[in-house]
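Below is one structure, written out as structure tokens, with a few remarks after it.
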Amino acid sequence: MIPYIMCFILFLVGLYGVITRRNLVKIAVSLSIMEISTFLFFALIGYIDGGVAPIVDPADPVKTYVDPLPQALVLTAIVIGLATTAMLMAVIIRLYRKYGTFDIREIKNLRG
Amino acid sequence: MNPLLPFFIITPLVGAFLIMIIGRFIKEFNKYFTSLILLFLACISFYFLFNTGENIFVYKVGGWEPINKIPIGIYIVMDGFNAIVVCIINLVGFLSAFYSISYIKRYTAENYFYALFCLMIAGMNGVVISGDLFNIFVFLEISVISAYALVAFGVEKNELEASFRYQVLGGIASFLILFGIGFIYWKTKTLNIADIKEAFSTGYDRTYYLFVQILILSGFGLKAAIIPFHAWLPDAHSSAPSPISAMLSGVLIKAVGIYVIIRLFFNMFAISEGMAILITTLGTLSMVIGVFLAIGQWDIKRLLAYHSISQMGYVVLSVGIGMILISRGVRNEVTALAITGGIFHLINHAAFKGLLFLNAGAIEYTIGSRNLQEMGGLAKQMPATAATSFIASMSISGIPPFNGFFSKLIIIIAAIMAKFYLLALLAVIVSIITLASFLKFQRYAFFNKTDNKNERKIKEVPFPMVFSMVIMSILCILLSVLVFPQIREAVLSPAIDILMDPSKYSSIIIGH
Amino acid sequence: MKGMTIIVKKTTQLISGMVFLYGIYVIIHGHLTPGGGFAGGVIVAGSLILVTLAYGGDFLKLVKEESGTTIVESLATIMVILIATAGLLFGTHIFFNNFLPKGIVGHLVSAGVLPLYNIFVGTEVASSIFIIFLSLIIFKEESPQ
Amino acid sequence: MEIALSIITGLMILGALYAIHAKDLLSSVIACGIVGYSLVICFLLLKAPDLAIVQIVVDTITLIIMVAVVLDSSREEQFSKLDTNGYISAVTAMVIIVVLLYFFAVSIQNLDVLGKSTLRMAEHYIEGAAQKTGSANLVTGVVFDFRGYDTMGEAVVLVTAVLGVLTILRLKGKK
């Protein structure tokens with residue numbers, strides 16, 4: 001059970017980063033750390049002891065394979081994570097060019 | 001295996017990509033093409049509304065038949081409750097798209113606007129009709145990412161900041177949902193909603209169940225802007241272009257937030273009393289706090305955004321009362337009344353809130369400012385907008401002939417019959433404050449005499465905007481017809497039966 | 001956008017061809033070896049980014065490139081959806097059905113529609129990521145400092 | 001195997017903490033990239049080669065985008081002292097974290113231990129799957145055939161993100 005708890009701690013570190021950090025890039029970094037821990041969580045769920053990577057070798061068929069379903073889900077979730085990070089980065093660079101700073105508090109009082 | 005079901009997804013997607021390619025060469029193409037697609041979708045959804053009735057359409061994508069009662073592929077499911085929400089999405093979507101034909105002239109890059117609009121519609125349709133948990137997450141991401149981009153469409157400072165906050169909170173919600181799905185898969189090893197209910201029926205550990213429910217509730221609650229998670233809504237809805245904030249407020253928080261919470265907590269989880277009470281208190285809090293936050297607002301769209309939170313509170317409150325009664329094993333007509341009130345108010349809110357945002361857009365289109373103090377005396381120059389916004393304001397604050405009154409009445413009666421007198425009292429008080437707030441809006445915007453109105457040349461908004469506003473106001477009046485029993489039987493009662501008897505949904509789907 | 005030093009340009013000439021070919025290999029062998037449409041597409045996009053970074057390019061060429069890639073991307077995605085709806089028309093008339101013959105497991109041309117999906121998703125992912133990168137560069141070029 | 005995983009995850013947690021508290025933004029972004037690459041090692045340990053390839057490549061692209069944003073900015077993060085609502089948010093964050101961690105530890109007591117997971121839906125993806133979908137790589141079989149609907153949605157998510165980036169990064173929004 002240790003890997004699961006460590007994985008959840010990584011998720012909470014990311015959540016802590018998003019809540020407390022003031023810097024836009026730091027918030028984006030914490031979000032991608034939360035994302036990384038979610039993928040690790042799915043991979044941990046699909047692991048089977050003595051299992052082999054889910055590639056069928058026509059020569060010797062019968063083997064115990066690792067569960068392919070969580071891997072398919074993580075494959076999709078990784079590219080979704082890339083999409084959200086790209087969108088976030090586009091807004092961050094835009095805000096930086098308009099306000100000249102990465103700090104949320106300064107953006108709030110510059111807004112006026 | 002009704003072959004019409006996949007077209008809810010195919011048509012808007014292919015439409016969006018055709019707009020991207022052809023819209024580059026033929027300028028006028030994308031405007032009318034989007035409205036055409038959405039009209040076609042609205043017709044399909046009405047077709048499904050009127051003949052789902054008691055049966056559930058199950059479409060097995062990819063043709064994978066279940067092996068010894070365990071579904072393998074992804075299921076597209078259309079039942080009574082789905083049909084109603086799909087109708088809301090496509091109808092309000094069509095009216096907003098038609099409205100934005102002339103509204104979007106103010107913005108550059110119209111191609112991107114219409115393509116993202118079609119993708120948002122495709123995402124919402126995908127979320128509502130899918131019967132698979134991870135599939136709901138993927139289509140949720142499509143609709144939410146296009147909503148992020150549309151909120152920041154006119155790239156000004158406050159719009160970019162609103163989009164940033166929306167993306168951060170939306171990102172946290174997505175990862176909470178993904179963690180919840182991982183948790184559910186860890187215990188039940190399956191992703192189909194009906195099959196998860198079967199797997200859960202073989203016993204579960206209580207704390208694990210509570211933890212999963214809290215994860216899923218907070219993830220989708222954040223998308224539905226329920227009280228502890230509503231921080232992003234006022235900025236996002238006030239800085240988006242008006243047809244988009246009409247879609248966001250009227251449809252997105254319902255289809256992607258409230259609908260999924262109702263579907264999962266009625267048809268997937270076995271409702272425990274503690275969770276039902278938590279949901280009801282969240283609904284009451286968002287109802288009360290939303291209204292108090294809205295009183296001090298002078299910007300029209302922020303005022304309307306806060307009212308969205310409080311009206312959503314009504315829906316969550318009445319559905320929560322239904323949940324409490326079901327968790328106590330009480331399945332009589334009081335539960336049915338509570339759930340009917342919730343769903344009826346869901347439909348009404350889509351109509352009048354969408355209309356209010358379109359009115360705010362019309363005012364902004366002519367005057368250019370959203371501040372109530374700078375307006376005044378618009379009734380004479382903009383008769384259509386004034387009339388439609390009067391109808392919408394009266395129906396949101398629950399004045400008898402309009403639809404808002406009947407749904408709030410049902411909710412209050414259900415609360416009283418279920419012996420929650422405090423909740424009924426709060427509902428009445430909030431309704432009165434809403435009335436006060438909208439009278440202020442009407443007086444300042446339309447009937448207030450101001451000195452400097454003569455030198456401004458204000459004329460009525462162009463035809464597409466007036467047309468969709470008038471259609472929406474007719475809808476507001478027609479929806480009050482739903483109270484009569486025989487019409488209610490045809491439209492609402494299939495949805496009520498699905499939600500009342502939780503095991504009916506999974507038994508029919510597993511039986512297929 | 002100005003390019004980099006001559007050393008970087010030389011190594012890019014050597015590497016980017018191989019990276020591009022490896023990406024194509026990963027896309028086509030998606031149903032045999034690990035990797036597939038997504039991984040191969042990103043590798044191809046990586047090689048394109050490598051060339052753009054090393055050689056730079058004047059502003060107008062980049063903008064033209066970006067609009068061209070947008071069309072390629074939209075076409076590839078429409079093809080993915082059309083193959084899915086083709087399943088609706090042929091075979092057993094079900095959305096997303098694998099209607100082509102399955103062939104022998106392990107052969108290159110084997111898994112029915114899967115290689116087609118792999119190829120179109122690969123092109124779509126490659127052009128999407130290349131557009132994201134190009135739009136970032138164009139924005140940094142033209143926006144005031 | 002479990003020990004190796006715990007060590008790597010422990011290092012990832014340290015890397016994540018450094019990424020959040022780093023003074024220089026560029027080193028914080030690079031630390032986040034390193035955490036992403038160590039996830040690749042975890043995937044290889046957990047017998048998931050497909051994920052390892054996709055994660056290594058996607059993490060490179062994320063790193064490129066983040067560095068492109070951070071590079072020409074003032075990389076020093078202005079360390080103003082934590083004011084009152086900085087403390088409040090830090091305290092609330094710690095409270096939430098402790099509660100969630102305890103709740104999580106209690107609720108995973110009698111779930112499948114790492115490696116002992118029984119199969120229900122995925123059983124039919126494994127035995128006879130090569131014949132059903134014809135693809136030797138079972139994960140590609142699941143991604144494109146059993147759950148092809150998800151993957152189409154996935155491809156559309158990427159295209160939506162591209163449209164979003166193009167709309168956000170255009171220079172003039174309103175006429």
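Because only heavy atoms are used, hydrogens play no part in the values below, and waters and symmetry mates are left out as well, while side chains stay in. Proteins get letters first, then strands, A, B, ... in listed order; numbering begins at 1 in each.
By the neighbour-count criterion of 12 heavy atoms within 6.0 Å, atom CE of M94(D) is sparsely surrounded, having that number or fewer from other residues, nucleotides or ligands.
Taking CG of L138(D) as the reference point, atom CG of D67(A) lies at 10.5 Å (rounded to 0.5 Å). Remark: M6(A) CE to L11(D) CG distance equals 8.5 Å, nearest 0.5 Å. With values rounded to the nearest 0.5 angstrom, L119(D) atom CG is found 10.0 Å from T64(A) atom OG1. With rounding to the nearest 0.5 Å, the separation of OG1 in T140(D) from CD1 in I55(A) is 6.5 Å. Rounding to the nearest 0.5 Å gives a distance of 8.5 Å between CD1 of I65(D) and CE of M89(A).
For the pair L114(D)/M1(A), no side-chain contact is recorded, criterion being any heavy-atom separation below 4.5 Å from C-beta on. The shortest side-chain heavy-atom distance between R147(D) and L69(A) falls under the 4.5 Å cut-off. Between T85(A) and M66(D) there is a side-chain heavy-atom pair separated by less than 4.5 Å.
The backbone N or O of R170(D) sits less than 3.5 Å from a side-chain atom of R94(A), completing a donor-acceptor pair. Side-chain atoms of K47(D) do not come within 3.5 Å of backbone N or O of V52(A) as any donor-acceptor pair.
If you measure heavy-atom distances from T76(A) to chain D, the contacts under 4.5 Å come from both the backbone and the side chain. Looking at E123(D), neither its backbone nor its side chain comes within 4.5 Å of chain A, counting heavy atoms on both sides. If you measure heavy-atom distances from F39(A) to chain D, the contacts under 4.5 Å come from both the backbone and the side chain.
Using the six-membered ring where Trp is involved, H21(D) and Y16(A) have ring planes that are tilted, between 30° and 60° apart.
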